[in-house]
Amino acid sequence: MKNQEIAKIFYEIARFLQIDKVAFKPYAYERAAVSLEAIKDDVAQIYIKGGRKMLEEIEGIGKAMSDHIEEYLKTGKIKLYEEFKKKLPVQMDELVKVEGLGPRKVKVLYQELGIKNIKDLEKAVKKHTIAPLFGFGEKTEKNIMQGLEFLKQSKGRSLISDIKPVAMEVYKKLENLKEVQKISLAGSLRRGKETIGDVDFLVVSRPDKKYGRGSPREAAKNTQKIMDFFVALPGVKKIWGKGGTKASVHMADGFDMDLRIVPEKSYGAALQYFTGSQAHNIATRKIAIDKGLKLSEYGLFKGSKIIAGKTEEEVYRALGLPYIAPELREDQGEIDTALKNTLPDLVELKDIKGDLHCHSNWNGGENSIEVMARSAMDLGYEYIGISDHTKFLKIENGLDEKKLLKQKEAIKKINENYKKKGIKFRVLHGCEANILNDGSIDIKDEVLAQLDYVIAGVHSTLKMEKGELMERIEKAMKNPNVDIFAHPTGRIVGQRDEYQIDFDKILQIAKNTGTILEINSSSRLDLRDLYIRRAKAEGVKMIINTDSHKKEQLLLMEYGAMQARRGWAEKNDIINTLPAEELLKSLK
DNA sequence: GCCGTTTTCGGCCCGACTGTTTTCAGTCG
């Protein structure tokens, strides 16, 4: 896709224009870049289909932008960008990744010291040639030095399920402070994005009784105490900043945390603002402007009078909108849908009645079937499905037909035992079978037919050519014993891209065969949000599973549920919101 | 440079914090 390449160039042009102090144009280029990244169609295809006219129908793309895009598609270059780069031949995208370095400082560093890239910057820091520069100084040089160090250690954005438990530890510490009256996670963590850049907390500090109610100093002392506590947390390696209402730190684990403290009357507006996304905020602030109002983190204002701010619901209502769930706030159509009052009634974690993709110690899993079942009961589930790997996967000690039938008997006994004790819980018996290269399943059909359900997935020869891979998948999905297609695209967040698949075709096959698509809650997070939305639109049913290999991983369901919500999924799109009997009836 | 149920001209989201140029530019979210 050329979209990302062109977007990258537009971002760069925006930076160059910022350096030249050109007004408003940088914003226009940034918006065009964001827009290109957001659309799912390839600009090259759009151009072939409808020429410049169709390009200009894209949000933020006008005459000049379509000029640039046409030029890039034809020549592979954009002249304006080449000219800028000639004047300032530096690795801009790389250098501005250093915390505290922006385009203007980068320009000075090039002009004064000839710094073109990270390597040059490191050398200059070592020689202490930065501090004497006009506009820089000792502290700036030290910040650059530390920024470089952190950049080297950085693994980029973290998987949500890796970072949320760490964030919640800090959350609990802050929540326990007597000075803290209210606290919430904000940012991409609250929106449930699959990867997280930094962790944001929003806090209301308890008013200090010493001062009069409503006085500006009312909460100042407690606010300061919370700030002091925050920057002194264990694991804090660097304090980027600490003021009266806002602090930012870098953690030893390699990510940043931000804390913002606001008065109670602004809590809702601040939560709305701090949750983002930025694109959603810009959209909501524009609605405010259209109504002659002003929206900031302090509230929604008519002139200097605050008309909403205490809760998010209040802010949205005053803008003429229903409440929009954080997972939807990406400026991907949620505002228009909200205006029409047709937002989806999103599935919730508490709607989930069981988990069908769980492994036991019969194969490579860690815990026994009974222990997995007990953990599922503790989560309030009505059932758990044991779906161990099958024989082709030797590394996971996959089960063959004989062992599967033996496992069936074992599960039958467990269920009989529950019944005797009056425990209303059921263990379902499935397997996670392998789709072999020719599309057949590695377990005989007559055995598959004896299980409660069958999950099938691609676990080998991942790098097949598209047509061949699709034939393979199609054959498996058409198998009347295959109920669920596991981790359909094969991607692993931050590690592996999706296979060469045709998702539209998968949707059509799923629709025609009644095959359920899996939303896998582990580091796969597969399906991703956009695909969930498309599946829902096609009426294809999905299931949220954890792919647990030990009991603790059952808790990953939270992330799969968030992923489903980001894909606009409702309760009736997700089959494991059904009781066991109905769920089994909904399968092939 | 883009955009428009108040506009084809005149706006563009909004604010915190730091370091240094001592009054505000640069950076960040």
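Numbered from 1 within each chain, the chains take letters A, B, ... in sequence-line order.
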Sugar-phosphate only, base, or nothing, as touched by A:Val98 at under 4.0 Å among non-hydrogen atoms: sugar-phosphate
Non-neighbouring partners of A:Asp497 that pass side chain to side chain donor-acceptor pair (under 3.5 Å), sequence neighbours left out: none
Spacing of the C1' atoms in B:dT8 and B:dC2 (rounded, Å): 12 Å
Sugar-phosphate only, base, or nothing, as touched by A:Pro103 at under 4.0 Å among non-hydrogen atoms: sugar-phosphate
Donor-acceptor pair between A:Glu56 and A:Ser66 side chains, under 3.5 angstrom: yes
Opposite nucleotide pairing with B:dC12, Watson-Crick or G-U, both atom distances under 3.5 Å: B:dG1
Salt bridge (Lys or Arg N to Asp or Glu O under 4.0 Å): pairs with one or both residues in residues 95-108 of chain A, sequence neighbours excluded: none
Touch class at under 4.0 angstrom, heavy-atom based, for A:Tyr273 against every strand present: base
Separation between the P atoms of B:dC3 and B:dC13, rounded to whole Å: 13 Å
Sugar-phosphate, base or nothing in reach of A:Asp198, heavy atoms under 4.0 Å: sugar-phosphate
Separation between the C1' atoms of B:dC17 and B:dC12, rounded to whole Å: 24 Å
Nearest heavy atoms of A:Asn520 and A:Thr546, plus distance in Å: OD1-O, 4.4 Å
Salt bridge (Lys or Arg N to Asp or Glu O under 4.0 Å) pairs, two or more places apart, involving residues 174-202 of chain A: A:Glu179-A:Lys225, A:Lys182-A:Glu264, A:Arg190-A:Glu312, A:Arg191-A:Glu330, A:Glu194-A:Arg491
Spacing of the C1' atoms in B:dT23 and B:dG19 (rounded, Å): 12 Å
Residue pairs involving residues 19-36 of chain A (criterion salt bridge (Lys or Arg N to Asp or Glu O under 4.0 Å); sequence neighbours excluded): none
Distance (rounded to the nearest 0.5 Å) between A:Gln146 CD and A:Lys238 NZ: 4.0 Å
A:Asp228: salt bridge (charged side-chain N to carboxylate O under 4.0 Å, His left out) partners, not counting sequence neighbours: A:Lys242
A:Ser248 or A:Leu133, whichever maps to the more 5' nucleotide of DNA chain B: A:Leu133
Sugar-phosphate only, base, or nothing, as touched by A:Gly137 at under 4.0 Å among non-hydrogen atoms: sugar-phosphate
Sugar-phosphate, base or nothing in reach of A:Gly187, heavy atoms under 4.0 Å: nothing
Quiz: residues 121-137 of chain A side-chain donor-acceptor pairs under 3.5 angstrom, not counting sequence neighbours:
residue  : atom : partner  : partner atom : Å
A:Glu122 : OE2  : A:Lys152 : NZ           : 3.2
A:His128 : ND1  : A:Glu141 : OE2          : 2.8
A:Thr129 : OG1  : A:Ala124 : O            : 3.3

Sugar-phosphate, base or nothing in reach of A:Lys21, heavy atoms under 4.0 Å: sugar-phosphate
Sorted by number, the residues of residues 304-335 of chain A with heavy-atom contact under 4.0 Å to DNA chain B: none
Salt bridge (Lys or Arg N to Asp or Glu O under 4.0 Å) partners of residues 277-295 of chain A, not counting sequence neighbours, each pair once: A:Arg285-A:Glu297
Euclidean distance for P, B:dC14 against B:dC9 (whole angstrom): 24 Å
Close residues, residues 258-268 of chain A, relative to DNA chain B [heavy-atom separation under 4.0 Å]: A:Asp258, A:Arg260
First encountered from the 5' end of DNA chain B, between A:Gly241 and A:Ile289: A:Ile289
Contacts of type salt bridge (charged side-chain N to carboxylate O under 4.0 Å, His left out), residue A:Glu570, not counting sequence neighbours: A:Lys536
Salt bridge present between A:Arg317 and A:Glu313 (N-O < 4.0 angstrom): no
Sugar-phosphate only, base, or nothing, as touched by A:Lys25 at under 4.0 Å among non-hydrogen atoms: base
B:dG10 versus B:dG15 - spacing of their P atoms, nearest Å: 25 Å
Range on DNA chain B touched by chain A, heavy atoms, distance below 4.0 Å: B:dG1 to B:dG29
Sugar-phosphate only, base, or nothing, as touched by A:Gln278 at under 4.0 Å among non-hydrogen atoms: base
Atom C1', compared across B:dT20 and B:dC24: separation rounded to whole Å: 10 Å
Residue pairs involving residues 249-271 of chain A (criterion ring-ring contact (aromatic ring centres under 6.0 Å, His included); sequence neighbours excluded): A:Phe150-A:His250
Where the chi angle of B:dT7 falls, syn if within 90° of 0 and anti if not: syn
